[in-house]
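Some notes on the structure that comes next.
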Amino acid sequence: VVYAGIPKILFVATHKDKVPTEIIETRREELYRGIEDLFEDHEGKHHLVLRPLIFVNAKDQADPEIEVLKKTITELTFDHPCWGERMPNACVPLELEIAELVAEGKQIMSLAEVKELNAISEVSVLSPEQLTDFLQFHHSLGKIVYFDTPLLRDNVIISPLLMVEVMRSFITDIAFWPKKGLIRNTFERMSGSGIIQRKDLYLIWQQKHFSKISPYKEFIFDMLIHLDILSEQRRYDITTGSRLPVENFFVPCMLTQRNDTRFMTHECTPEKAISLAFVFKGTIIPPALPNRLISACLSMWTVKTYEEKQLLFSGFVGLSFDKAHDIVVCVEGNKILLYIIHVASNGLIVPDIATGIKECMYTTLERISEFYKSTVSSSSQKLPFHIEYACSRLECHISEEAAFTTDEWICEEHKIVHTKDKWNIWNQDQTKEQCEGDCPGLHEGALNQMPSDIELQRFASACDETTIRELAIHLGMTFKAWDELQRNNPDYIQIVKYRILINWREKCSGRFINIANALTEMKITTHMLCQVKRIRKRQCDISEEYLDLIPTDEILDELAQVIGVVSFQLGIELGLPITSLDTIQYNNGRNLVAQCKDILFQWREDQRVKPTIGVLVQALVNIERGASCLGEIIKTVGVKKYIPHEKKEKEGKVKTLLKRFNLFQKRKK
């Protein structure tokens, strides 16, 4: 049910003790006039409660306005449309027990403790399903904080005020920073670069006034990542390209510096980029929303460096998608602008990549908007934003609805004619196996590119043995080269097909144009090359919350049992070098399970990209194996937090030392 003007937002001015007594009333009126002016045209104005004008001194318990505040909150509570509705009473005993613990000062309980508290109830014991409903319902009411995700479901914050303390600990105004010392340095660095390290945040929480956070620091840290307040800074070894251990985390909401680089004028140009806008209702976007979006983007892609600066500023982020494509997300007024840039020309932007990025941004914004929809939209049924596409000069915009119902659009500023198919790049049907009827084929720039290992693997997999053999001859390879590959791989024709194309590329510096010409001579459609550039849409029953997790040994062991003869193709899709795959094949002979196991474990350790379940799903879809096998494995063995072996050994040593220390202390006593 949607109630107009609900929830209510009550404004309370604080720090009255800092204002001279004789000008308190003047200052009160100034504050509230400023608030009224600020929200005069805001769509969420009807949520605000600005009268009475409450101005408190929180240090003085005897301040009469504290009583006014209590009375106002009570009246607003009784005026809520849901007040007086019947509630189920089975959960009341557990609710009262938890409330009593909160009153005693407890703020976090383990899920095991909650279950135990429920089990010993003398009045009513909830079933496991009822207990889950209880936690989710009270989370929705704001009485507790509980997320049923693998990293967070083992703990429950029973006093949500703890999260206020958590946010206040490091997201705060410069006036509240320490005057000097390590923590001051942390705040200054965070304000300039948006970066904080785990150890820095732990140090902040060691301060006396944040001592209640420190015992649960790892759990709280994981929750901040889940809420997109923090995001990992991904870094790679410049020699090997391998992913380095995560040391730094971004805090976009603490950035104050604006973009002062030349990237937008020199790289994000009409010749290289395409753009669309997510346009929000009202005149402004709540700052928390784009900050969370930027943080979410940083967890998906790597921040780009340009002119020796990371492209991360207040309301702006530049990201690397791959070697050819970059992404820019920036905020302008009530718009969040998305740019996709190709290093050479916007004609080379892969449509499936543009479509995938757009969909990813849309679903992320949709998720984040759920937190803020009451402040940006008068209706909870509709999203608070719509999409507009940019013209060829990246400045004028047309709504998505109008773009697909208008055959031609002439942009207002530049008078450039745009046809309806201009927007197809953002809206590819990723489930289709064939090109659309009006597909022009690969762009000239794409035809002049050298195909990658993955592209040649996809092409070889799509063709039968006879076609690839004939194509290889047209490309200048010999029957002898084909026969030799067959002798070396008698049971693996897919490897033979792939290898002959790899050898051709290396020998002749082969390019897509050569394959296109050969296909034309063979009277075969060149649109086969379009499919090589496409990204198949992954469809699976695996929960979204699992897709960004790293698969455990148990999951990889089970998966290796069911991959079969396509393990080589899987290795290519996962980005393993051919030399590594050759070594794995040589070491394991015809043992397909052992081959696949080595491929999966090497991929997880290589970490050129974060080796997540989502990446594995996409690779399985791309080789047409499908992800249902992985989904069934996850249903059977579950998903746990992956801990590298080195970390396990280190944690084991620490536990052993602690046991020895405790034993020594007991003997000493």
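- Classification of the H418-W409 ring pair by plane angle, with boundaries at 30° and 60°, yields tilted.
- Taking all atoms of both residues into account, the shortest heavy-atom contact from M361 to W301 is SD-CZ3, 4.3 Å.
- I349 is listed as a side-chain neighbour of I425, based on a closest heavy-atom distance under 4.5 Å.
- E165 is not listed as a side-chain neighbour of K212, based on a closest heavy-atom distance of 4.5 Å or more.
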Practice task
Mind running side-chain contact (heavy atoms from CB on, under 4.5 Å) on N334 and V279 for me, showing each step along the way?
Solution key: CA-CA 6 Å; N334 68 334; V279 183; 3.8 Å; yes
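- The environment of E412 atom CD is sparse: at most 12 non-hydrogen atoms of other residues, nucleotides or ligands sit within 6.0 angstrom.
- Remark: K8 does not engage D79 in a salt bridge, criterion side-chain N to carboxylate O under 4.0 Å.
- Classified by interplanar angle (parallel below 30°, tilted 30° to 60°, perpendicular above 60°), the ring pair F176/H15 is tilted.
- No side-chain donor-acceptor contact under 3.5 Å links S159 to the backbone of Q107.
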Practice task
Could you please spell out the steps behind the side-chain contact (heavy atoms from CB on, under 4.5 Å) verdict for F11 and V49?
Solution key: CA-CA 6 Å; F11 274 89; V49 179; over 6 Å; no
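- Minimum heavy-atom separation, L152 to F219: O-CE1, 3.6 Å.
- Nearest heavy atom pair, residue A273 against residue C268, reads CB-SG, 4.1 Å.
- L298 is listed as a side-chain neighbour of P252, based on a closest heavy-atom distance under 4.5 Å.
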Exercise for the section: I would like to know whether L311 and V317 meet side-chain contact (heavy atoms from CB on, under 4.5 Å); could you show each step before the answer? Expected result: CA-CA 5 Å; L311 294 179; V317 64; 6.0 Å; no
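- Put simply, CZ on R262 and OG1 on T265 are 7.0 Å apart, with the number rounded to the nearest 0.5 Å.
- For L255 against G194, the heavy-atom pair with the smallest separation is CD2-N, 3.2 Å.
- Taking a 6.0 Å sphere around CD of E307, one finds it holds more than 12 heavy atoms contributed by other residues, nucleotides or ligands.
- Across all their heavy atoms, R28 and E65 have their closest contact at NH2-OE2, 2.7 Å.
- Remark: aromatic rings of F187 and W177 are close, center separation under 6.0 Å.
- Y32 and D37 are not linked by any side-chain donor-acceptor pair at a separation below 3.5 angstrom, with hydrogens and angles left out of the test.
- Residues K45 and E40 are not paired through a salt bridge, judged by the lack of any N-O separation under 4.0 Å between the basic side chain and the carboxylate.
- Put simply, the side chain of I171 reaches to within 4.5 Å of the side chain of I229, judged on heavy atoms.
- Side-chain atoms of S399 come within 3.5 Å of backbone atoms of A402 as a donor-acceptor pair (strictly under, hydrogens ignored).
- In this structure, E95 pairs ionically with K143, as a charged nitrogen and a carboxylate oxygen lie closer than 4.0 Å.
- Using cut-offs of 30° and 60° for the angle between ring planes, the F147 and H139 rings count as perpendicular.
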Exercise for the section: Check the pair T364, L293 against side-chain contact (heavy atoms from CB on, under 4.5 Å), reporting the backbone distance first and the verdict last. Expected result: CA-CA 7 Å; T364 302; L293 175 64; 3.9 Å; yes
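- Remark: E271 engages R393 in a salt bridge, criterion side-chain N to carboxylate O under 4.0 Å.
- Distance check: I341 CD1 to T269 OG1 gives 8.5 Å after rounding to the nearest 0.5 Å.
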Exercise for the section: Show your working on salt bridge (Lys or Arg N to Asp or Glu O under 4.0 Å) between R51 and E36 and close with a plain yes or no. Expected result: CA-CA 11 Å; R51 304 287 176 177; E36 287 175 338; 3.4 Å; yes
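- Across every non-hydrogen atom of A277 and L337, the tightest pair is CB-CD2, 3.5 Å.
- When side chains are defined from C-beta on, V329 counts as touching I327, because their heavy atoms get closer than 4.5 Å.
- With respect to E400 and K358, a salt bridge is recorded, a charged nitrogen being found less than 4.0 Å from a carboxylate O.
- Once rounded to the nearest 0.5 Å, the distance linking CD1 of I183 with CZ of F170 reads 13.5 Å.
- Using bins of under 30°, 30° to 60° and over 60° for the plane-to-plane angle, the ring pair Y362/F278 lands in the tilted bin.
- The main-chain N or O of S211 is never found under 3.5 Å from a side-chain atom of S214 such that the two would form a donor-acceptor pair.
- Side-chain N or O atoms of S295 include none that pairs as donor or acceptor with a backbone N or O of N291 at under 3.5 Å.
- Rounded to the nearest 0.5 angstrom, L135 CG and I158 CD1 are separated by 11.5 Å.
- Annotation: side chain of E104 is in contact with side chain of E100 (closest heavy-atom distance under 4.5 Å).
- The only option from D260, N259, T261 that meets the side-chain hydrogen bond (donor to acceptor under 3.5 Å, both in side chains) definition with K309 turns out to be D260.
- A donor-acceptor distance shorter than 3.5 angstrom exists from the side chain of Q207 to the backbone of I204, with no hydrogens or angles considered.
- The structure places CE of M190 at 4.0 Å from CE of M254, a figure rounded to the nearest 0.5 Å.
- Ion pairing of E75 with K70 is absent here, as no side-chain N (NZ or NE/NH1/NH2) approaches a carboxylate O to less than 4.0 Å.
- Checked by atom type and distance alone, the side chain of S140 pairs as donor or acceptor with a backbone atom of F137 at under 3.5 Å.
- Side-chain contact check for T305 versus Q310: some heavy-atom pair is nearer than 4.5 Å.
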Exercise for the section: Please test E67 against K71 for salt bridge (Lys or Arg N to Asp or Glu O under 4.0 Å), starting from the C-alpha separation and ending with a verdict. Expected result: CA-CA 6 Å; E67 288 303 317; K71 184 172 180 287; over 6 Å; no
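- The number of heavy atoms from other shown groups lying within 6.0 Å of NZ (K420) is above 12.
- The main-chain N or O of Q197 is never found under 3.5 Å from a side-chain atom of Y202 such that the two would form a donor-acceptor pair.
- Using a distance-only test at 3.5 Å, with no hydrogens or angles considered, no donor-acceptor pair links the side chain of H414 to the main chain of I416.
- At least one donor-acceptor pair closer than 3.5 Å links the side chain of K16 to the backbone N or O of F55.
- Taken from CD1 in I225 to CG in D548, the straight-line distance is 10.0 Å, to the nearest 0.5 Å.
- Note on ring orientation: taking the six-membered ring where Trp is involved, the planes of F321 and H325 are perpendicular (angle over 60°, cut-offs 30° and 60°).
- F263 has its ring centre no less than 6.0 Å from the ring centre of F313.
- Using modelled atom types, one finds no donor on one side chain facing an acceptor on the other under 3.5 Å when comparing T256 with S314.
- Remark: R27 engages E30 in a salt bridge, criterion side-chain N to carboxylate O under 4.0 Å.
- Within the 4.5 Å cutoff, no side-chain heavy atoms of F280 are placed close to those of K335.
- Checked by atom type and distance alone, the side chain of S345 pairs as donor or acceptor with a backbone atom of G347 at under 3.5 Å.
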